[in-house]
Amino acid sequence: MSDMSNLKEPGFRESVDLMFNRAVALMDLPPGLEEKIRVCNATYTVRFGVRLRGAIHTFTGYRSVHSEHMEPVKGGIRYASSVNQNEVEALAALMTYKCALVETPFGGSKGGLCIDPRDWDVHELEQITRRFAYELAKRDLIHPSQNVPAPDMGTGEREMAWIADQYKRMNTTDINSNACVTGKPPHAGGIAGRVEATGRGVQYALKEFFRHPEDIKMAGLSGSLEGKRIVVQGLGNVGYHAAKFLTEQDGSLITGIIERDGALVNEAGLDVEAVRRWIGAHGGVKGYADATFVENGITVLESDCDILIPAALEGVINLGNAARIQAPLIIEAANGPVTAGADEILRKKGTVIIPDMYANAGGVTVSYFEWVKNLSHIRFGRMQRRQEEARHELIVNELERLSRDKEFDWTLSPNFKEKYLRGADELELVRSGLDDTMRTAYQAMREVWHGRADVTDLRMAAYLVSIGRVASSYTAKGL
Ligand code: GLU
């Protein structure tokens, strides 16, 4: 972002508002409703002290509630030293639109704590997290029916388990207490497939995009995901899983990986697992053998590739580099990686952008499944699985009996029996639900993208669908 000094780059919050304004200008909302939808309903700042290393440390955290047209409100909690009110509000707004787009029955919210988690050890982080959770829970900003946090940058299963436990200590008779937060570890009320969910959603989104030849053509591409050269920025939870699934299952090549300390480039394709292990052991990508190291890693965003996946921070594609971005297709795995100014430049160039509120909605979608599981107190598939298998067995036995009959000259395909007999477990059901969600939401966006002459990009289509749904909800039930 260094060479944008003489250009006016809007902040994240402003960027989201600019995109929202562009969308509502194309809508016919009742007077005043657009303002009601746009603004954040409430943002709480909490400051609390924790005694650590012999001194009292004061921490600042936020929880912003953007829209309560549906409750609970939903959205992650981010741990980063860059967290601030504007960022949390922009992210909360995106949660509202994201949930509406993928039809998870939530309003939008987001939380953040100004902290660099690397500065503290595990025990200290637990104390800080529990205290933050206490501050939020006592204000009903963590609550199974009102406000349900989840992981985001800098947090994961571990923090969610502490938050859930803290809530339970404060609400000992609440039978639904597990549903107060999602993204918990599987052995502590979580659901199979939540950790991979956002990256998996990115894969499903791309697979759906590549099912539509017209859309592929709009991006100036052809064929399938097989052999596509992909650059990923950020090999954190989201970037790693997206890259892993796209290489292992769809035959794509990861030709560039951008990390904090630089980037790796290899036109023949990088070994995602090996790079991830290298980062784990060395704290960065520098020194990894099977690639060219680029010190000024961010420039690799501008390299020649088929698909660019920004999967880290907001604002990485901005007025300073947008004109030089060569990828014809960008999928926003991070929230807000393209600023409003950059978005305009890229649209004019004809770059197709699969927008964040759709592309990274896999996380909240599987959070929704986890929340439902917690409220129903039963694992998905537990009642049906064996019964399904028994019925399948009946058919297979019958087919086998027929195939033994000399008059018919046929046999079952190899593996058919094994595949058909196995009832779906929780992970398969979660993936199926996620796949369905990503396909359905894409089709809703696509209908607007191709169906309206005044809508020329997927982001506007996404906003129109989601704002339309939020507006209908307000219109139907009142404000
Ligand atoms: N933090 C994630 C997001 O930005 C997940 C939110 C959730 O699961 O509630 O979508």
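The shown structure was predicted, so the numbers you read here are calculated from the model rather than taken from an experiment. Order of appearance sets the numbers: ligands from 1, and atoms from 1 within every ligand. Quick note: residue numbers are just sequence positions, from 1.
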Rounded to the nearest 0.5 Å, what's the gap from OG on Ser82 to CD1 on Ile115? Could you check? 12.5 Å
Indicate yes or no: does Arg38 engage Glu35 in a salt bridge with an N to O separation below 4.0 Å.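 Salt bridge: yes.
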Can you confirm whether the side chains of Glu68 and Gln146 place a donor and an acceptor under 3.5 Å from each other?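 The answer is no; no qualifying pair exists.
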Taking atom CD1 as the centre, does Ile378 end up with more than 12 heavy-atom neighbours from other residues, nucleotides or ligands that are less than 6.0 angstrom away? yes
Pairs meeting criterion side-chain hydrogen bond (donor to acceptor under 3.5 Å, both in side chains) with involvement of residues 187-198, two or more places apart: Arg194-Ser367, Glu196-Arg200, Glu196-Arg431
N/O pairs closer than 3.5 Å, ligand 1 and protein:
from     : atom 1 : to     : atom 2 : distance (Å)
ligand 1 : 1 (N)  : Pro151 : O      : 2.8
ligand 1 : 1 (N)  : Asp152 : OD1    : 2.7
ligand 1 : 4 (O)  : Lys98  : NZ     : 3.1
ligand 1 : 4 (O)  : Lys110 : NZ     : 2.9
ligand 1 : 4 (O)  : Asp152 : OD1    : 3.4
ligand 1 : 4 (O)  : Asn335 : ND2    : 3.2
ligand 1 : 8 (O)  : Arg194 : NH2    : 3.0
ligand 1 : 8 (O)  : Ser367 : OG     : 2.6
ligand 1 : 9 (O)  : Lys74  : NZ     : 2.8
ligand 1 : 10 (O) : Lys98  : NZ     : 2.7

Counting distance only, does the side-chain N/O of Asn86 pair as donor-acceptor with the main-chain N or O of Arg13 below 3.5 Å? no
